[in-house]
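Reading through the structure tokens given below for one structure.
Each chain gets a letter, A, B and so on, in the order the sequences are listed, and its residues count up from 1.
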Number of protein chains: 2
Amino acid sequence: MAGQTPAGNPRPTIRDIARVAGVSKASVSYALNDQPGVSPGTRDRILAAAEQLGWRPSAAARSLSNARAGAVGLAIARDVRLLGEEPYYMRLIAGMESVLAAQGVSLLLTVVPDVGAAVEVMRGWWAERRVDGVVLTDLRVDDPRLDLVADLGIPCTFGGGPPDPRGYAPAAGGRDPERGPLTEVVEHLLAQGHRRLARVGGPAHFQHTRRRNAAWREVTREALGRAQPVLSADYSGREGLAATRRLLARAEPPTALVFDNDVMAATVVAERRALGVRIPEDLAVVAGEDSILCRLADPAVSALRRDVTAAGVASAVVLLDVLAGREPAPQAAPGYEFIARASSTAARR
Amino acid sequence: MAGQTPAGNPRPTIRDIARVAGVSKASVSYALNDQPGVSPGTRDRILAAAEQLGWRPSAAARSLSNARAGAVGLAIARDVRLLGEEPYYMRLIAGMESVLAAQGVSLLLTVVPDVGAAVEVMRGWWAERRVDGVVLTDLRVDDPRLDLVADLGIPCTFGGGPPDPRGYAPAAGGRDPERGPLTEVVEHLLAQGHRRLARVGGPAHFQHTRRRNAAWREVTREALGRAQPVLSADYSGREGLAATRRLLARAEPPTALVFDNDVMAATVVAERRALGVRIPEDLAVVAGEDSILCRLADPAVSALRRDVTAAGVASAVVLLDVLAGREPAPQAAPGYEFIARASSTAARR
DNA sequence: CTGAAAGCGCTTACAG
DNA sequence: CTGAAAGCGCTTACAG
């Protein structure tokens, strides 16, 4: 079957519908698109004919007269090996698709090694009008993709961080939505008796890392009188370990570490003996992202669970609003939940 | 910027190129598509004009006259929560994209809960001619998607398993390519002194699970004189644990377990105390799929590493061949590597 | 409310 | 080798 040509009887067109219903192509188009200009009786006849013929619009034809593609694009710029470890994108895509599919909008996906390549892919999509808009993720400081969409006027939304460039809905209280989760983590650690904390964030060129680093400094300053340190790592276990070593080598080493993702936290827990620490007795560990890695670690890793699927839904909703020329509906900041597990819960025995 | 309309000066068309180059639209089309019918000089002038104007073909227009979409579709049928734990799809997509992108073919992606929904999505894609072909993964016994592509004559290829329905290239020796990896695992376990083995496969409705189960029975029969048992589980940690408990409760329990994926194997290792076994002393564990879960487990889990990205490449190559009406180039069975780690290596101390 | 007509941006026989 | 023309399947002013 894989070697077969797409034969079969040719697909029906509005011309066929017009013939069957005994009207003009124009009337068919109006009826099919719920436009005024057809009497109810005629409309019913046309719809029945379309149904009977099993008609479906040709995406290409519609696209050509519409000047819209009926598709949006997502160009993921990330090392494939890291991608395999991150459930993030699949969840984001699943959330987006639940909205897009319902509107008959397709999702174009590509995986590229870096932002420069992402820019080229999106430029091509736009030039060929394969997409009506794009979703941008992992925004960087001075991101060339922002220049691209601005220069070309490509409608866009953001996945991760506020989907709307104007920020989250006022319900978020105007405060940085990263503060809530981090406050909960810090309060948990204080309750466990920790007074010296540290954070291992992602690469500083990511906007979300910057936002979280800033929120971390604020939250810890308010809670402990002085901002607690932040180190950067690239989300890999290797760099997470290296950062941990540097922190532990300090004169007054932290007793609790908050990592930006699950891989770094779980790697540190796995390498606790090599690091010469007991967890949680000597060192408490918290992950900024939850996954099966956290659940299976020994001890299991406390984690912030973010509702990535909901973030995907919000991104798609905003993008569809923009494409339809509507004012984007305000989006609430994504939900999160702090899951306290053994890696930060002193079971004083 | 997200609220902006796609304004700007209108994109150039072949009409503009024709005007600049002083030729007809037809000549422009021939030159642009590398067709005969234009003199070298004219061709150069046309190409220069296209370049200068920054022309890119309109996907819709081309699609409409071509009767081809310039896109292929992948409808993943999998529970979103399991998806987040499986690096498989991202790797497959990355491999496919590396081939497709080079040919200017887009990838349409959707995530749906079950095969029935996948059929409906693909039916829609095909009816609207949004795709020229599809990639099918996780084929089942009596898979409704196979009926769909057969009935409608949709060109397709398979991701995971042979991309070509005729099977792998003869280089694979005509033998089931699942035998190689499993033989290596079984030999490793025998060398470690194990004589009672068992396998925990995926759901029996998956074709790949059936193939592997059959290969497992053959390989173990040849090595041990009698086929070793196989249980089914749904790839989740919960069912992996349940299957393990059942196996350990047998009169002559196995001393080595081979799981079909990383999640089940890593979960069993994480729950070794609850199961009342030492690993690898009482029970050796091997995973049929490698991931960071295996590396971070304690003890680390021995695993079969399959080159999923290469499988993605092969799928895309075959599909492009089929679409071009070429006989699909024979594809080698994907590479694999057995990584022996502590979970199955008796460090007799 | 309805129909004939032009147009979206390409491709491709068909004459010169 | 080159050009005028029809056609792909829709949408949308514009007359009736």
By nearest nucleotide on DNA chain D, pick out whichever of Ala60(A) and Pro36(B) is the more 5' one.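 In this pair, the answer is Pro36(B).
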Between Ser65(A) and Ser24(B), name the one whose nearest nucleotide on DNA chain D is closer to the 5' end.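 That would be Ser24(B).
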Given atom [atom1] of [X] and atom [atom2] of [N], what is their separation to the nearest angstrom?
X	N	atom1	atom2	answer
Arg130(B)	dG9(D)	CZ	C1'	14 Å
Asn33(B)	dA13(C)	CG	P	13 Å
Arg68(B)	dT12(C)	CZ	P	8 Å
Arg62(B)	dT11(C)	CZ	C1'	9 Å
Arg15(A)	dG3(C)	CZ	P	15 Å
Lys25(B)	dA4(D)	NZ	P	11 Å

Sugar-phosphate only, base, or nothing, as touched by Arg43(A) at under 4.0 Å among non-hydrogen atoms: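 Result for Arg43(A) = nothing.
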The dot-bracket string of DNA chain C, counting Watson-Crick and G-U wobble pairs with both distances under 3.5 Å, using [ ] for crossing pairs and | for pairs to another strand, is |||.||||||||.|||
When you get a sec, tell me which of [options] is the closest nucleotide to the side chain of [X]?
X	options	result
Ala26(B)	dC10(C), dC10(D), dA5(D)	dA5(D)
Val23(B)	dC10(D), dC8(D), dG3(D)	dG3(D)
Pro40(B)	dC8(D), dC1(D), dG9(D)	dC1(D)
Thr13(B)	dC10(D), dG9(C), dT2(C)	dG9(C)
Tyr30(A)	dT2(C), dA13(D), dG9(C)	dA13(D)
Asn66(A)	dT11(D), dC8(C), dA13(D)	dT11(D)
Ser27(B)	dG3(D), dG9(D), dG9(C)	dG3(D)
Ile14(A)	dC10(C), dT12(D), dT11(D)	dT11(D)

Non-hydrogen side-chain atoms of Thr157(B) and Val72(B) separated by less than 4.5 Å: no
Is the closest side-chain heavy-atom distance between Ile154(A) and Trp125(A) below 4.5 Å?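 Sidechains of Trp125(A) and Ile154(A): no contact.
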Looking at dC1(C), does its base get a donor-acceptor pair with the side chain of Ser39(A) below 3.5 Å? no
side-chain contact (heavy atoms from CB on, under 4.5 Å) partner of Cys156(B), chosen from Val318(B), Val135(B), Val149(B), Val322(B): Val149(B)
Residue that, paired with Val131(B), satisfies side-chain contact (heavy atoms from CB on, under 4.5 Å) out of Leu107(B), Leu74(B), Leu108(B): Leu108(B)
Would you verify whether the NZ or CZ of Arg130(A) falls within 45 degrees of the ring axis of Trp126(A) while also being under 6.0 Å from that six-membered ring's centre?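 Verdict for Trp126(A): no cation-pi partner in Arg130(A).
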